[in-house]
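Chain identifiers are assigned alphabetically (A, B, ...) following the order of the sequence lines, protein sequences preceding nucleic acid strands; residue numbering begins at 1 within each chain. Quick note: numbers below take in every heavy atom, side chains included, and nothing from hydrogens, waters or symmetry partners.
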There are 2 protein chains.
Amino acid sequence: MNDTKPSGPIAAAVALFTIRERLEFLRLEGEHGRIPSVPLEEGETLEACARRALWEAAGIEDVFLEQLYTFDGRLGGPRVVVAYYALAPHDRLRIRRSGVGWMDPTRASTLVEEHRTIVERACERLAGKLEYAPIAYQFLADRFTLGELQSVYEIIGRQTLDKRNFRRRIRASWDLVETHDARREGPHRPARLYRLRDARPPLEG
Amino acid sequence: MNDTKPSGPIAAAVALFTIRERLEFLRLEGEHGRIPSVPLEEGETLEACARRALWEAAGIEDVFLEQLYTFDGRLGGPRVVVAYYALAPHDRLRIRRSGVGWMDPTRASTLVEEHRTIVERACERLAGKLEYAPIAYQFLADRFTLGELQSVYEIIGRQTLDKRNFRRRIRASWDLVETHDARREGPHRPARLYRLRDARPPLEG
DNA sequence: AGCGTTCGTGTATGAATGACACCAAGCCCT
DNA sequence: AGGGCTTGGTGTCATTCATACACGAACGCT
């Protein structure tokens, strides 16, 4: 967590995103803005190392995780940094450490350069991947409404979408299962709950 | 090049592809099938290391190179392996070392497992990227015919394409410049030569 | 009972994609 | 010189896909 502290030659860094009104990422508080990052240990896989970074920084576990890119480390830091991004529904995250908070990725410029680059590239990957892979549900609970799903797309894509066209597109490209339950929330018609068939646990895909 | 030889904790490995009738990749000869791979040196960038792997194994330089994925190394090898894939036109490659040859990627199963995985994932990435990025020209000379370009798509996609639809698609999505030259080759009508506007040198993009 | 709010559905139009056939230009051979 | 062979180069039509758009349904609240 400090540039001058000696560390192993390889580290994993994780940009964890969640949605709470807006898209946000997990940021370590401190003079130099950083995201969770720890050196790779003996016998540890890269993915395990990335998960440990989240655990040690924030006590967070069980999130969707995908490798993003590997960067040349900076002088005084690790030799290389393997960057991951992670997605999780906000209400399933239990932050068990202090010293972390959420930040709008459009304000990533306050991070140290290397971590800013990771957050920016993760945003690009995320926006791109929404278009061709069913990952948006990683921000939602196991069962979700189509309205919630549409919100994820609108927030990440920064544009409103037509409700009917959106539903047609999702139904065509995702393998959704309509449950018999609905979510009632507020003084209006309840929304049907769906789940993804074969929704795998949030492991690397 | 030998599992038991000590090496640094980080290595770069490169799957170099070219097209010569079929899609082929550069393979090191020897009992255990391998692709070029060298440990990262002090002060060297990952990309430079990947280029050095190609240089030391085959005397090849100046190819298009893109990072693919970073793997956990296997016991006895480097701690992590940063995999790259490279593309180059076959006739611009000068192989200046012995002990290397070309192999059909569908026969990658004879490689050591880690390198087989790299070749397979590189093929997937390549096929996917053809659909949305103008990289196919990396297999061709600076100036190329649309027929040559179509061949690249057909070989990698393993299916024949309609000539007129292909040309319409490419003209719509690539920024092509029609030169005033043509390539005469064989007893038939010469083909117009095109080049890509802003065709950058084959560096990482 | 009426109001406010979100949920949920179909159609009509324009855009993009896929299928399809012929003449042109060159070389070779007779 | 003419005919044959081979690859280069072009347009239209049918289908599919994407976009724009409006209204009744179900609930809670007052």
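Sorted by first and then second residue, the pairs that involve residues 155-184 of chain B and meet ring-ring contact (aromatic ring centres under 6.0 Å, His included), not counting sequence neighbours, are B/Tyr153-B/Phe166. Applying the salt bridge (Lys or Arg N to Asp or Glu O under 4.0 Å) rule to pairs touching residues 134-154 of chain B yields B/Arg143-B/Asp181, B/Glu148-B/Arg183, sequence neighbours excluded. Screening residues 88-135 of chain B for ring-ring contact (aromatic ring centres under 6.0 Å, His included) gives B/His90-B/Trp102 as the qualifying pairs, with residues at least two apart or on separate chains.
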Where protein sits on nucleotides 25-30 of chain C, one letter per nucleotide: B base, S sugar-phosphate only, - none, heavy atoms under 4.0 Å: BBB---

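Residues of residues 145-167 of chain B having a heavy atom closer than 4.0 Å to DNA chain C, listed by number: B/Asp162, B/Arg164, B/Asn165.
Within 6.0 Å of CZ in A/Arg107 there are 12 or fewer heavy atoms belonging to other residues, nucleotides or ligands. In this structure, A/Arg184 places its CZ atom where only 12 or fewer heavy-atom neighbours from other residues, nucleotides or ligands lie under 6.0 Å away. Other residues, nucleotides and ligands contribute only 12 or fewer heavy atoms inside 6.0 Å of the CD atom of B/Glu185.
Taking the side chain to side chain donor-acceptor pair (under 3.5 Å) definition, one finds that A/Ser173 meets it with nothing, sequence neighbours left out.
Between the CD1 atom of B/Ile170 and the C1' atom of C/dT17 there is a distance of 14 Å, given to the nearest Å. If you take CZ of A/Arg169 and P of D/dC17, they are 14 Å apart, rounded to a whole angstrom. Taking atom CG on A/Asp181 and atom C1' on C/dC7, their separation rounds to 16 Å, with Å as the unit.
Nucleic acid contact for B/Arg171: sugar-phosphate only, since backbone atoms but no base atoms lie under 4.0 Å from a heavy atom of the residue.
For A/Leu65 against A/Glu47, the heavy-atom pair with the smallest separation is CD2-CG, 3.7 Å.
Side-chain atoms of B/Arg168 and base atoms of C/dG18 include a donor and an acceptor less than 3.5 Å apart.
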